[in-house]
Protein chains: 2
Amino acid sequence: MGKRLPTMPTLKNVANLAEVSIPIVSKVLSGNPGVRVSSDTRQRILKAAEGLAYRPNALAKSLKLKRTNTLALFMPDVGNPVIPEIIRGVEDGARAAGYSPFISHLDEKVISERLYLAWLQEGRFDGLIIATARVEDSIIADLISSGLPFVLVNRREASTNMHVSIDDAAGARIAVNHLAGLGHRRIAHLAGPLMYDTSLRRLKGYQQELDLHGITYDSSLVQEYDWHTWDGGKLAMKQLLKRENPPTAIFAGNFMGAVGALSALKEARLKVPEEISLICLHDSPIAEVLDPPLTVVRMPLHQMGKCAAEMLINLLEDRPCKIPLVLPPDGLFIRKSTAPCR
Amino acid sequence: MGKRLPTMPTLKNVANLAEVSIPIVSKVLSGNPGVRVSSDTRQRILKAAEGLAYRPNALAKSLKLKRTNTLALFMPDVGNPVIPEIIRGVEDGARAAGYSPFISHLDEKVISERLYLAWLQEGRFDGLIIATARVEDSIIADLISSGLPFVLVNRREASTNMHVSIDDAAGARIAVNHLAGLGHRRIAHLAGPLMYDTSLRRLKGYQQELDLHGITYDSSLVQEYDWHTWDGGKLAMKQLLKRENPPTAIFAGNFMGAVGALSALKEARLKVPEEISLICLHDSPIAEVLDPPLTVVRMPLHQMGKCAAEMLINLLEDRPCKIPLVLPPDGLFIRKSTAPCR
DNA sequence: TGACCATGGGAAAACGATTGCCCACGATGC
DNA sequence: GCATCGTGGGCAATCGTTTTCCCATGGTCA
């Protein structure tokens with residue numbers, strides 16, 4: 001069904017036009033330096049290819065070469081403002097090595113259908129970068145046992161060392177240290193879904209740093225929230241504000257949560273940072289235009305993406321992998337949402 | 001270079017295991033209903049395929065069939081919050097028709113290298129959806145003359161009717177009408193880069209509606225801004241506030257601009273909506289958590305994406321195309337950033 | 001018993017590219 | 001004058017599928 005619109009020129013067409021054989025055209029056009037060819041023949045081929053606007057068919061080439069030079073990048077949620085950073089990092093890493101990354105946006109349905117596994121098995125891509133925490137463990141296990149090349153981003157897995165993540169605990173500690181340094185003692189934590197190891201590590205960092213400052217951990221100051229939505233943080237913040245003894249500072253596990261929390265604080269007529277301080281992990285250009293601009297611990301998302309691409313490509317090209325598995329946070333970016341505790 | 005990690009099973013392997021020929025395996029597995037095969041053979045083949053976890057090689061299949069069932073979606077900027085909506089729309093449209101969309105994030109470099117044209121010419125994708133206004137006209141012209149199947153999103157082009165967009169002028173008029181209905185007369189317009197026809201149409205709609213309400217158009221109330229960045233709107237808003245007779249209402253051309261404008265207004269200690277009203281085109285979940293939540297004219301971005309996919313697939317499958325080229329706005333969503341003019 | 005038919009399944013070509021091998025040719029060496 | 005050698009370029013196989021065509025085989029009918 002369906003007319004095939006324009007027919008692309010093939011090697012055969014070029015060969016006919018240049019009055020030579022197909023293989024020699026291939027050799028000349030693929031620029032193989034070792035090929036010996038008379039300059040006359042070369043010119044004829046080049047002219048013919050140019051005239052026909054010839055482009056090698058990627059499918060045929062990849063089939064023969066068993067290499068597509070493409071990567072698939074699986075993203076959970078393009079709406080999350082931290083995602084673009086990662087995407088750009090992957091792109092930079094991949095393109096520098098001659099690979100083209102293609103992004104696939106995974107909604108629940110696709111995740112459950114294991115389409116990504118299929119794409120890899122079907123040879124459409126050389127490798128896979130998975131940047132979604134939502135993928136089930138069982139599927140990761142399948143992926144590992146299939147032996148197919150993939151890298152996990154922002155998610156660690158004991159059974160493989162193909163993953164890159166950021167030191168969440170360290171990030172959390174920087175945030176809490178900042179808050180504690182400002183004199184805050186009742187520091188709440190808006191924690192991402194605790195089914196994700198990333199959230200768990202942030203929580204642990206929060207606890208550790210509290211401990212270091214001699215603040216006893218109060219689990220009622222930890223409120224889990226849904227970080228897939230913008231108002232997950234808002235709902236959680238409202239919960240937290242219901243306490244009889246509300247916190248003087250909030251450490252939000254991610255950016256979306258902080259924005260939601262800020263919204264809740266405003267509805268509650270609490271002044272940020274005068275009455276309550278707010279800090280979060282991750283940065284985003286939006287942080288600058290919020291009221292007040294958000295103090296954040298910036299995480300090296302771009303670098304994480306880039307490392308993931310490099311790691312994967314190293315694997316694909318059978319080179320030793322010397323990429324760090326865990327990246328340190330970029331550090332504190334103080335804007336206007338945190339202030340000394342009154 | 002590079003070890004080829006796991007070797008995927010092929011039709012040949014399945015055929016060997018089932019002790020039949022390759023073609024019959026292909027026929028059975030591709031589920032062609034017309035194929036007549038004994039149930040014994042069928043069972044053996046199915047079992048063998050299952051046992052080997054066979055998956056057809058997409059490259060070989062596409063090469064033979066001249067159809068990949070994939071679409072490439074070119075996005076300008078995944079950081080822009082309106083983009084995810086479009087992406088999801090395209091996905092819905094494509095998947096419903098059995099196509100997989102792959103997103104490529106186009107930065108300036110890629111745009112200038114005309115990679116997208118290459119990908120299409122190389123047969124990697126069946127068609128292309130271009131959702132970036134930034135692509136140069138000359139490249140669009142190339143694309144058209146190449147005869148390759150593509151659809152333009154949110155951009156009109158006289159030389160092709162393969163495009164889907166939203167009625168920007170109508171959206172602008174709804175916004176201005178709302179503001180005028182609240183009694184505002186000095187309504188400023190934060191206009192996107194006027195090199196884009198989309199921005200131009202919004203400006204025109206703004207002018208028309210002003211006219212309808214008997215308000216004379218004052219070009220000094222129109223401030224162009226860069227809508228690729230979050231603080232483009234902020235800078236523009238600051239410009240506007242320098243006037244001796246500042247506007248009482250702002251109509252921002254897009255969401256990012258409105259967020260930036262809101263930021264500038266806060267810095268200037270202007271109360272929204274008490275002292276100045278703000279409305280924009282496009283909606284985003286973030287609009288809810290801003291302070292105040294933004295009143296917007298919602299545009300059918302999801303539907304636009306979906307229509308684009310359907311239009312492209314209709315073209316690919318040689319079906320008549322009955323998709324509307326221009327979609328009406330979804331309408332006004334009143335939140336809290338607009339109020340009667342004092 | 002011989003002709004016919006339906007049925008199941010295989011042979012081969014094709015998609016477009018790459019590559020190892022080999023051959024023809026003219027030039028060179030003895 | 002004969003063997004050798006290097007050079008330019010073609011042959012053929014291959015990657016993994018799909019699809020058209022055709023051939024066995026065995027059963028049915030006269």
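Each chain gets a letter, A, B and so on, in the order the sequences are listed, and its residues count up from 1. Only heavy atoms go into these numbers, but all of them, side chains included; no hydrogens, no water, no symmetry mates. The structure displayed is predicted, hence computed values, not measured ones.
Not a single salt bridge (charged side-chain N to carboxylate O under 4.0 Å, His left out) links A:E310 to another residue, sequence neighbours left out. For A:T41, the side chain to side chain donor-acceptor pair (under 3.5 Å) partners at least two apart in sequence or on another chain are A:S38. Applying the side chain to side chain donor-acceptor pair (under 3.5 Å) criterion to A:S26, with sequence neighbours excluded, gives no partner residue. Applying the side chain to side chain donor-acceptor pair (under 3.5 Å) criterion to A:E122, with sequence neighbours excluded, gives B:R55. With sequence neighbours excluded, no residue forms a salt bridge (charged side-chain N to carboxylate O under 4.0 Å, His left out) with A:R42. Looking at residues two or more places apart in sequence or on another chain, you find a side chain to side chain donor-acceptor pair (under 3.5 Å) between B:H302 and B:D92.
Between C:dA14 and B:K66, no contact under 4.0 Å exists linking OP1 or OP2 to a side-chain N or O. Residue B:S26 has no polar side-chain atom (N or O) positioned under 4.0 Å from OP1 or OP2 of D:dT17.
Pairs passing the side chain to side chain donor-acceptor pair (under 3.5 Å) check and including a residue from residues 14-25 of chain B, sequence neighbours excluded, do not occur. Under the ring-ring contact (aromatic ring centres under 6.0 Å, His included) criterion, no residue pair touches residues 19-41 of chain A, with sequence neighbours excluded. Residue pairs satisfying the salt bridge (Lys or Arg N to Asp or Glu O under 4.0 Å) criterion with at least one member in residues 150-161 of chain B, sequence neighbours excluded, are listed as follows: B:D137-B:R155, B:R155-B:E157.
For the pair B:I22 CD1 and D:dG16 P, the computed distance is 10 Å after rounding to whole Å. Here C:dC15 presents its P atom at 13 Å from CG of A:L11, a figure rounded to the nearest Å. Residue A:E19 contributes atom CD, which lies 15 Å from atom C1' of D:dG9 at whole-angstrom precision. In this structure, B:M8 places its CE atom 16 Å from P of D:dC15, rounding to the nearest Å. The interatomic distance linking B:D126 (CG) with C:dC15 (P) rounds to 18 Å, in whole Å. Protein atom CD1 of B:I45 is 14 Å distant from nucleotide atom C1' of D:dT18, rounded to whole Å. Computed from coordinates, the B:N69 CG to D:dT17 P distance equals 16 Å when rounded to whole Å. Distance, A:R67 CZ to C:dT18 P: 11 Å, rounded to whole Å.
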Protein-nucleic acid N or O pairs under 3.5 Å, nucleotides 7-9 of chain C:
residue, atom, partner, partner atom, Å
C:dG8, OP2, B:R36, NE, 3.2
C:dG9, OP1, B:S38, OG, 3.2
C:dG9, OP1, B:T41, OG1, 2.2
C:dG9, OP2, B:S38, N, 3.0
C:dG9, OP2, B:T41, OG1, 3.2

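Of the residues in residues 51-64 of chain B, those with a non-hydrogen atom less than 4.0 angstrom from any atom of DNA chain C are B:L63, B:K64.
Using modelled atom types, one side-chain atom of A:T198 and one backbone atom of A:N154 make a donor-acceptor pair closer than 3.5 Å.
Residues B:V164 and B:M311 are in side-chain contact: their nearest non-hydrogen atoms beyond the backbone lie under 4.5 Å apart.
When the local axes at the two ends of the helix from C:dT1-D:dA30 to C:dC30-D:dG1 are compared, using 5 base pairs at each end, they differ in direction by 70° after rounding to 10°.
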